[in-house]
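Just below is one structure, and these are the notes that go with it.
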Amino acid sequence: MSERAYALRFISGKYQGGEYPLAQSGDLVIGRSTELDLVLIEDMVSRKHACITLASGGISIADLGSTNGTFVNGEKVRRAQLKEGDRILIGTSILKLVARTAGTTPVDPKSAQQDLERAAAAHEKKQGGHSAIQGRLEEVPLVDLLQLLSTSRKTGAIVISGYRSGRVHLRSGKVVSAVIDADPTLPPKKALYRMISWTQGGFEFVAQDGDLPPMPNEIADATENLMMDALRQADELARGGFPAPTAAIGIAMPLSPKLQELSADELDLLQLVHNYGVVQAVLDRAFGSDLEVAQKIAALIQRGYLRLF
């Protein structure tokens, strides 16, 4: 094991603000049972939930057959290697693996657990007796937050505020709608995919008593599939090769290729470019995801129908 010391920092959930130092080697068993090393008292945590192992080969985590699963960076795992900065979801707590200051004192498990319970009590007191799910996207990406709320089958809305703001609505843990305040006309699925790529802003989950009434144009896809597809599309968009959203765009003149060679969707896209002249405006109004529209725009540029200015 490296000489570096590590800790688990609770960045969301009941124990938010708390930190549990890790020993230099050995196993740390996490669960609801009071006989374990790290005790998390909540319904979504199994009696023996997960085990973190520190050895010469690094740090790893294994799920111990828990009811609700163990997640690393939004992905459900049976066993996984961990590195500094990784986020672990256990129950309704998100823990971040962080480095500790060099030369810190050895771990006293009993004292660490007591400190954690004090952090939980302070957090609940600050929230007026209830455990609010809130924080910042810099620490808890939206995909992790959605995984948490999906696992715990919550009903309500994630309210994001800051430079950009919006809401994601859930019914019993399933995403049913999403709205970006600056453009409420965006289709819910397109809005959700954009919001999953946001890396800054504050969030708070506002729970709703009872059922969530039907919403316009509800998203039918399973939440797990939505998150996987959103991350895939965000990764492809980030690789580059597509016009910047702020770029000015127009129909290439003189137009050499023939318009009759275009499909109806491609002709509609040309009309949007002619009407608005900015890539972002076209992305907002064109049918399909941002990735699909960006791919069509790039193809039409390559074929000589469109040009950037």
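What you see is a predicted model; the values in this text were computed from it and never measured.
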Let me confirm one number: the OG-CE distance from S93 to M44, rounded to the nearest 0.5 Å. 11.0 Å

Approximate separation, where rounding is to 0.5 Å, of I30 CD1 and C51 SG: 8.0 Å

Residues at least two apart in sequence or cross-chain that pass side-chain hydrogen bond (donor to acceptor under 3.5 Å, both in side chains) with N73, listed by chain then number, are D86

Quick one: list whatever passes side-chain contact (heavy atoms from CB on, under 4.5 Å) with Q114, sequence neighbours left out. K110, R118

Quick one: pull up CG in L212 and OG1 in T155 and give me the separation to the nearest 0.5 Å. 7.0 Å

So, for A178 and A191, which heavy atoms are closest and what is the spacing to 0.1 Å? O-CB, 3.7 Å

Residues in side-chain hydrogen bond (donor to acceptor under 3.5 Å, both in side chains) with E218, at least two apart? R171

Sub-3.5 Å donor-acceptor pair from the side chain of Q113 to the main-chain atoms of V39, do we have one? yes

Is there a path of hydrophobic side-chain contacts, each under 4.5 Å between heavy atoms, that joins L95 and L54? yes

With no hydrogens and no angle check, is any side-chain donor or acceptor of E139 less than 3.5 Å from a backbone partner on R136? no

Give me the atom names and distance for the closest heavy-atom approach of G91 to H49. N-CE1, 4.2 Å

Cluster link L300 to L259, ILVMFWY, side chain under 4.5 Å: yes

Could you tell me whether a side-chain N or O of K174 sits under 3.5 Å from a main-chain N or O of I219, the two making a donor and an acceptor? yes

Rounded distance (nearest 0.5 Å) linking atom CD1 of I52 with atom CD1 of I61: 4.5 Å

With heavy-atom distances below 4.5 Å as the criterion, would you say the side chains of L269 and L306 are in contact? no

OG of S66 to CG of L64, rounded to nearest 0.5 Å, is 7.5 Å

Set of salt bridge (charged side-chain N to carboxylate O under 4.0 Å, His left out) partners for K190, sequence neighbours left out: none

With sequence neighbours left out, the residues meeting salt bridge (charged side-chain N to carboxylate O under 4.0 Å, His left out) with E117 are none

So which atom in A50 and which in I90 form the shortest heavy-atom distance, rounded to 0.1 Å? CB-CD1, 4.2 Å

Salt bridge (Lys or Arg N to Asp or Glu O under 4.0 Å) pairs, two or more places apart, involving residues 295-309: E266-R303

Hey, any chance F71 and F203 share a hydrophobic cluster, counting ILVMFWY side chains that come within less than 4.5 Å of each other, even indirectly? yes

According to side-chain hydrogen bond (donor to acceptor under 3.5 Å, both in side chains), who are the partners of S111, at least two apart in sequence or on a separate chain? D108

Side chain Y6, main chain K83, donor-acceptor under 3.5 Å: no

Going through the checks in order, is the side chain to side chain contact (heavy atoms under 4.5 Å, CB included) test met by L40 and F10? CA-CA 11 Å; L40 304 180; F10 288 75; 3.8 Å; yes

Taking salt bridge (Lys or Arg N to Asp or Glu O under 4.0 Å) as the cut-off, I'd like each qualifying pair that reaches into residues 20-49, sequence neighbours left out, listed once. none

Following the transitive rule for hydrophobic clusters with a side-chain heavy-atom cut-off under 4.5 Å over Ile, Leu, Val, Met, Phe, Trp and Tyr, establish whether L231 and L192 coincide in one cluster. yes

Which heavy-atom pair separates T67 from S46 by the least distance, and what is that distance? N-OG, 2.9 Å

Closest non-hydrogen atom pair, R194 against S197: O-OG, 2.6 Å

Verdict with reasoning, F287 to D265, per side chain to side chain contact (heavy atoms under 4.5 Å, CB included): CA-CA 9 Å; F287 178 79; D265 287 346; 5.8 Å; no

The salt bridge (charged side-chain N to carboxylate O under 4.0 Å, His left out) partners of D63 (sequence neighbours excluded) come to none

Are I158 and W198 co-members of a hydrophobic cluster defined by side-chain heavy atoms under 4.5 Å apart? yes

Identify, with sequence neighbours excluded, every residue that meets side-chain hydrogen bond (donor to acceptor under 3.5 Å, both in side chains) alongside D209. none

To check you understand the geometry: which heavy-atom pair defines the closest contact between Q208 and P213, and what is its length? NE2-CD, 3.5 Å

Any luck finding a side-chain donor-acceptor pair between D229 and Y193 under 3.5 Å? yes

Does any non-hydrogen side-chain atom of L8 lie less than 4.5 Å from one of L28? yes

Under 3.5 Å, sequence neighbours excluded: what are the donor-acceptor pairs made by side chains of residues 236-251?
unit_1, atom_1, unit_2, atom_2, d
E236, OE2, R232, NH1, 2.8
R239, NE, D235, OD2, 3.4
R239, NH2, D235, OD2, 2.9

Spatial distance of atom CZ (R79) from atom OG1 (T53) [nearest 0.5 Å]: 6.5 Å

Ring-face cation of R285 near Y276 (centre distance under 6.0 Å, axis angle within 45°): yes

Can you list, pair by pair, the side-chain donor-acceptor contacts under 3.5 Å of residues 179-189, counting residues two or more places apart and other chains?
unit_1, atom_1, unit_2, atom_2, d
D181, OD1, R167, NH2, 3.0
D181, OD2, S165, OG, 2.8
D183, OD1, T185, OG1, 2.7
K189, NZ, D221, OD2, 3.3

With side chain to side chain contact (heavy atoms under 4.5 Å, CB included) as the test, would you mind laying out the steps for L22 and L97 before giving the verdict? CA-CA 10 Å; L22 299 179; L97 182 65; 3.8 Å; yes

